Amino acid sequence: MKCKRCREKAIVQLRSHNTAFCKPCFVFFFQRSVERAIEREHMFEKHERILVAVSGGKDSLALWDALVDLGYDTEGLYLGLGIGAYSRASEAKARAFADRRGLRLTVVPLDETEDGLGIPTVAAATRRPPCSACGTFKRHHFDRAAFEGGFPVLATGHNLDDEAARLMGNVLHWQLPYLAKQRPVLTPTHPKFVRKVRPLFRTSELESATYAFLRGIEYVVEECPNSHGATQLVYKELLNKLEHQMPGSKLAFVTDFLSRGLPLFQSAPDGGLGECERCGMPAAGELCGYCRLVAEVGRRRTQAVAHS
Ligand code: SF4
Ligand SMILES: [Zn+2]
Ligand SMILES: [Zn+2]
């Protein structure tokens, strides 16, 4: 098997693109794909400061690495979710990555700062699935860090597999408001929100894992313990079976939706946003979703003490 670009011996075969590359050409292909996604979707420009949300996993670290190499002005943000050994290991990987490259990384440990609530505590107190609480917490802290840090853009490492699984879930349940928002660039709907972008939306998990490996990026390999049994994984497995039989299906599913499906969902209602009375971030009611959740934890704890 020969590299499609330079005809040397290929080490990576990408069936979805019907191509194969040697190491330097794959690195070039990966970075060029990221750059094309950024340019075509008008995600950001070279003069803008970009906050990259990193989890310590392969996707977000591969994204950060590619952005730095492509000459973008970046800083990292790591959210310590307080999920035991998994959080400790992923924080160590994110810190080591930034240290080795002399990059600036802000670490926000949820269980030590401000409300002092890690995800397991919130999930246990409110009896919610951890991923639901986690989503609300991540959104709030990402939005706030980007706004307070004066960043015009927040970039996350969601890859093609994530996007395809999310699309499948939204289509299966005809989640019209979510379908209207399923796009690689979310423009702010409030002055305190920043542009949110997903430069890896066309890049598969296999490609980001290969890139991370070839670039010597050390990332946390274990999955979050709460991911087991998550619905997203069921969709990913189904899509992987489809991809195996019909290479390129995931990419076509997502990109055809964006070009032909998304325009049909543009009219989904989007209520006006005010500001949260407690934290000042955008909110649909008196409190934002995050502060409502924090208040619920407080209420449940008071009830538990009263009944003990
Ligand atoms: S699997 Fe769930 S709890 Fe774990 S990091 Fe992802 S969203 Fe958060
Ligand atoms: Zn080559
Ligand atoms: Zn709030």
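In listed order, ligands and their atoms are each counted from 1. This one's a predicted model, so the numbers in the text were calculated from it and none came from an experiment.
- Cys224 lies close to atom 4 (Fe) of ligand 1, since one of its N, O or S atoms is found at a distance under 2.8 Å.
- Here the two rings, on Tyr178 and His173, have centers that are 6.0 Å apart or farther.
- At the Zn ion (ligand 2), the vertex angle linking SG of Cys25 with SG of Cys6 is 120° (nearest 10 degrees).
- At the shortest separation from atom 2 (Fe) of ligand 1 among protein heavy atoms lies Cys131 SG, 2.3 Å.
- Shortest contact from atom 7 (S) of ligand 1 to any protein heavy atom: Cys134 SG, 3.7 Å.
- Remark: the backbone N or O of Arg128 is not paired with any side-chain donor or acceptor of Ser132 at under 3.5 angstrom.
- Of all protein heavy atoms, the one closest to atom 6 (Fe) of ligand 1 is Lys138 NZ, 3.9 Å.
- The side-chain contact (heavy atoms from CB on, under 4.5 Å) test with Leu179 singles out one residue from Leu262, Leu264, Leu167, and that residue is Leu167.
- Each of Phe147, Tyr78, Tyr290 was compared with His141 under the ring pair (Phe, Tyr, Trp, His ring centres under 6.0 Å) criterion, and only Tyr290 meets it.
- In this structure, atom 3 (S) of ligand 1 lies nearest to the protein heavy atom Asn226 ND2, 3.4 Å.
- Side-chain atoms of Thr19 and His17 form no donor-acceptor pair, as typed in the model, at a separation below 3.5 Å.
- The hydrophobic cluster containing Leu172 does not contain Val234, counting ILVMFWY residues as joined when their side-chain heavy atoms lie under 4.5 angstrom apart, directly or transitively.
- Residue contact check: Leu81 has heavy atoms under 4.0 Å from atoms 5 (S) of ligand 1.
- The closest approach between any non-hydrogen atom of Glu223 and ligand 1 is not below 4.0 Å.
- Under the 3.5 Å distance criterion, the side-chain polar atoms of Lys2 are left unmatched by any main-chain donor or acceptor of Phe21.
- Numbered from 1 in the order shown, with element, the atoms of ligand 1 that lie under 4.0 Å from a heavy atom of Ser227 read 1 (S).
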